[in-house]
A.B. asks: 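I have a structure I would like to understand better, so I am pasting it below and will then ask my questions one at a time.
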Amino acid sequence: MSNRKNVSKTAGILLAVLLLCCGMTAMAAPAVKGDTDLTVTEGGAVSAEYTITNDEAMESVTLTLSYDKEVLTYVSGSGGDSFSGSGGNGSVTLGSRPQDTTASFSVRFKGRKAGETQIGILSCKAVVDGTEVDVLSGGSSSEEGEEPEDVAEDDQERAGFEIDERMFYVHRPPALDDFDAVTMEIQGIESPVLKHQWLDLYVIRLNSDNGSFRDDFVYDPDRGTVIPFVEMESGTDDVIFIEPEENGYTPTRYVPVELGWGPKYRIPALKHVIIDGVDEIPDDTNRYLIYGINQEGEKAWYSFDYDKNSLQLFDDVAYQGEQTYILELEEKEMGLREDGRDQLERYDRDMGRRLYIIMFMTIIIVVLLNVIVLMYLRMKRMRMPDSEDETEPSDDRRDASGAFVTGDLDEDETDFQEPDSEDDEEEEIDLEIIDLDDVEEDE
């Protein structure tokens with residue numbers, strides 16, 4: 001009886017130890033918590049929060065969400081260290097390298113129509129001690145027998161691209177709707193890619209050299225270039241951004257720019273420019289033209305509103321008609337400006353000629369006046385007296401005999417002159433001195 005009791009005690013202890021071990025194992029597995037049900041208002045913003053926890057520090061975490069693209073439009077994501085995020089067409093992929101036991105993500109959406117909707121967690125993987133663990137199932141990818149993300153080993157040669165002064169290398173891309181997994185030669189290396197089922201479109205997965213950025217890119221095999229894989233809705237079309245065709249059509253008054261996309265990436269785009277205040281488009285600060293291809297394989301320019309995160313087909317016919325009208329106005333205005341410039345030059349030229357003529361005539365008149373004045377003064381000094389002036393007495397004078405002396409005097413003559421010596425001798429009269437006393441005596 002005592003032996004049975006000892007066996008029961010031993011079995012209980014073993015069972016407790018097993019339960020404790022199982023509980024510890026369950027606690028050690030990563031877990032994900034977050035919002036799954038959302039209430040959406042049309043045109044309003046809504047966000048969802050997600051937290052991944054683990055007893056041990058996680059080297060990296062990748063979370064993939066699904067949403068109803070008829071109800072929500074992906075806007076942005078954030079959270080964690082070395083965060084990377086991309087979304088569109090019903091799925092969002094978020095990643096970070098927390099180096100901690102907790103990783104948090106926040107996702108923002110914009111409501112397309114009011115109602116209730118659900119966010120699904122498609123996958124959540126965490127790397128712990130170099131082992132990738134499926135957070136949803138709790139097991140590692142090697143334990144489940146799944147094929148690892150990268151078929152090639154880390155030390156195997158990979159095709160690489162330089163983006164924002166950092167090297168990115170080709171890895172196996174995750175599955176995408178309407179794409180098939182194939183292999184093709186990239187930079188002379190057989191690499192895994194995704195080929196669209198009916199479009200001539202290729203998507204590759206690029207990881208940065210330190211693994212902090214992992215995103216899908218559209219690969220152009222003809223030019224060997226890549227741009228971030230972005231899929232957006234434009235009306236009833238699903239549009240994927242691609243690189244513009246070389247020497248292709250560019251709308252008037254648009255110049256090439258690099259549109260920032262995410263923390264490190266760039267997308268080739270066109271930006272409208274204003275010349276002399278003509279053709280100014282209201283609210284055009286953050287609007288760009290991006291080249292894209294829809295599900296029918298039609299390539300066109302799309303107008304992307306960066307602030308509203310919306311896309312619509314660019315109406316090139318209406319725009320070009322407006323541009324033609326504007327160009328006609330500009331040509332007319334240029335003609336008027338040229339005509340006005342010619343008239344101004346002709347006016348300046350004529351006024352200059354008139355000014356020169358007036359100055360020349362003024363100088364001639366002044367010279368002639370000076371000559372006339374000088375000649376007048378000279379003639380005045382040289383003028384001779386008239387005959388009438390010679391006969392008329394200019395002054396009443398009498399000589400010694402009491403006769404009047406008339407006539408003009410020259411400059412070297414005086415009013416009184418001594419008579420000639422001969423005349424004086426002839427006319428000289430002897431005067432006798434009479435003594436008055438003798439006269440009285442005679443009487």
A.B. asks: Could you check if a side-chain atom of Met375 sits within less than 4.5 angstrom of a side-chain atom of Arg378, using non-hydrogen atoms only?
C.D. replies: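 Counting from C-beta outward, Met375 and Arg378 never come under 4.5 Å.
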A.B. asks: Do His196 and Asp178 have side chains that get closer than 4.5 Å, going by heavy atoms?
C.D. replies: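 A side-chain contact exists here, since the closest heavy-atom pair is under 4.5 Å.
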A.B. asks: Can you tell me how far the CD1 atom of Ile189 sits from the CZ atom of Arg158, to the nearest 0.5 Å?
C.D. replies: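 Nearest 0.5 Å value for the CD1-CZ distance: 9.5 Å.
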A.B. asks: With side-chain contact (heavy atoms from CB on, under 4.5 Å) as the test, pick out the partner of Met58 among Val127, Val128, Asp100.
C.D. replies: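 Running side-chain contact (heavy atoms from CB on, under 4.5 Å) over Val127, Val128, Asp100 with Met58 returns exactly one hit, Val128.
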A.B. asks: For residues Phe161 and Phe217, establish whether the separation of their ring centroids is below 6.0 Å.
C.D. replies: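 No: the rings miss the under 6.0 Å criterion.
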A.B. asks: Decide yes or no on side-chain contact (heavy atoms from CB on, under 4.5 Å) for Tyr67 and Thr117, but give the supporting numbers first.
C.D. replies: CA-CA 8 Å; Tyr67 63 92; Thr117 187; 6.0 Å; no
A.B. asks: Could you tell me whether a side-chain N or O of Gln187 sits under 3.5 Å from a main-chain N or O of Gly160, the two making a donor and an acceptor?
C.D. replies: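 It does hold such a pair.
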A.B. asks: Indicate yes or no for a side-chain donor-acceptor contact from Asn294 to the backbone of Glu296 under 3.5 Å, with no hydrogens or angles considered.
C.D. replies: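 Yes, because the side chain of Asn294 sits within donor-acceptor range (under 3.5 Å) of the backbone of Glu296.
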A.B. asks: For the CZ atom of Phe304 and the CE atom of Met232, what is their distance to the nearest 0.5 Å?
C.D. replies: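 Reported to 0.5 Å precision, the distance equals 5.0 Å.
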A.B. asks: Contact between Ile52 and Asn54 at the side-chain level, heavy atoms closer than 4.5 Å - yes or no?
C.D. replies: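 No - every pair of side-chain heavy atoms lies 4.5 Å or more apart.
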A.B. asks: With no hydrogens and no angle check, just 3.5 Å: does a side-chain donor-acceptor pair link Gln118 and Thr36?
C.D. replies: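 No.
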A.B. asks: Indicate the atoms forming the closest heavy-atom contact of Arg214 with Arg97, along with that distance.
C.D. replies: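 Result for this residue pair: NH2-NH1, 4.2 Å.
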A.B. asks: Donor-acceptor pair, distance only, cut-off 3.5 Å: does the side chain of Trp198 make one with the backbone of Gln295?
C.D. replies: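 Present.
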A.B. asks: Side chains of Phe105 and Ser96: closer than 4.5 Å at any heavy-atom pair?
C.D. replies: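 Touching, per the 4.5 Å side-chain cut-off.
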A.B. asks: Assess the residue pair Asp134 and Lys125 against the criterion (salt bridge (Lys or Arg N to Asp or Glu O under 4.0 Å)); give the C-alpha distance rounded to whole Å, side-chain angles, the decisive distance to 0.1 Å, and a yes or no.
C.D. replies: CA-CA 5 Å; Asp134 192 332; Lys125 297 181 180 181; 5.8 Å; no
A.B. asks: Are the side chains of Ile163 and Leu206 in touch, meaning some heavy atoms are under 4.5 Å apart?
C.D. replies: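 Result yes, sub-4.5 Å side-chain heavy-atom pair found.
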A.B. asks: Sub-3.5 Å donor-acceptor pair from the side chain of Asp238 to the main-chain atoms of Glu231, do we have one?
C.D. replies: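 No; zero donor-acceptor contacts below 3.5 Å.
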A.B. asks: Taking the side chain as every heavy atom from C-beta outward, state whether Trp261 and Phe241 have any pair of such atoms under 4.5 Å apart.
C.D. replies: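 In contact.
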A.B. asks: Check whether Asp35 reaches the backbone of Glu49 with its side chain - one donor and one acceptor, N or O, closer than 3.5 Å.
C.D. replies: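 Indeed, once roles are kept as given, a pair shorter than 3.5 Å links the two residues.
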A.B. asks: In sequence, state the C-alpha distance, the side-chain angles, and the governing distance for Glu42 and Arg112, and then conclude on side-chain contact (heavy atoms from CB on, under 4.5 Å).
C.D. replies: CA-CA 5 Å; Glu42 184 176 357; Arg112 298 175 61 89; over 6 Å; no
A.B. asks: Does the side chain of Leu270 come within less than 4.5 Å of Pro256's, by heavy atoms?
C.D. replies: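 Sidechains of Leu270 and Pro256: in contact.
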A.B. asks: Rounded to the nearest 0.5 Å, what separates atom OG in Ser191 from atom OH in Tyr219?
C.D. replies: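 Atom-to-atom, Ser191:OG and Tyr219:OH are 8.0 Å apart.
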A.B. asks: For the side chain of Asp68 and the backbone of Glu70, is there at least one donor-acceptor N/O pair under 3.5 Å apart?
C.D. replies: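 At least one qualifying donor-acceptor pair exists.
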A.B. asks: List the steps and the verdict of side-chain contact (heavy atoms from CB on, under 4.5 Å) for Tyr74 and Phe109.
C.D. replies: CA-CA 5 Å; Tyr74 171 73; Phe109 298 94; 4.3 Å; yes
A.B. asks: So Lys195 and Met184, side-chain contact (heavy atoms from CB on, under 4.5 Å) or not? Walk me through it.
C.D. replies: CA-CA 10 Å; Lys195 170 69 171 64; Met184 68 180 304; over 6 Å; no
A.B. asks: Examine the side chains of Thr39 and Glu116 and answer whether a donor and an acceptor come within less than 3.5 Å of each other.
C.D. replies: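 Present: a donor and an acceptor within the cut-off.
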A.B. asks: What's the spacing between Tyr50 OH and Leu94 CG if we round to 0.5 Å?
C.D. replies: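 Here the rounded value is 9.0 Å.
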A.B. asks: Please tell me if the side chains of Tyr265 and Asp164 come closer than 4.5 Å, counting only heavy atoms from C-beta onward.
C.D. replies: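 With C-beta onward as the side chain, the pair stays apart.
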A.B. asks: Measure the spacing between OG of Ser60 and CG of Asn207 and express it to the nearest 0.5 Å.
C.D. replies: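 CG of Asn207 is found 10.0 Å from OG of Ser60.
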A.B. asks: Can you tell me how far the CG atom of Leu72 sits from the NZ atom of Lys113, to the nearest 0.5 Å?
C.D. replies: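 If we round to the nearest 0.5 Å, Leu72:CG and Lys113:NZ are 10.5 Å apart.
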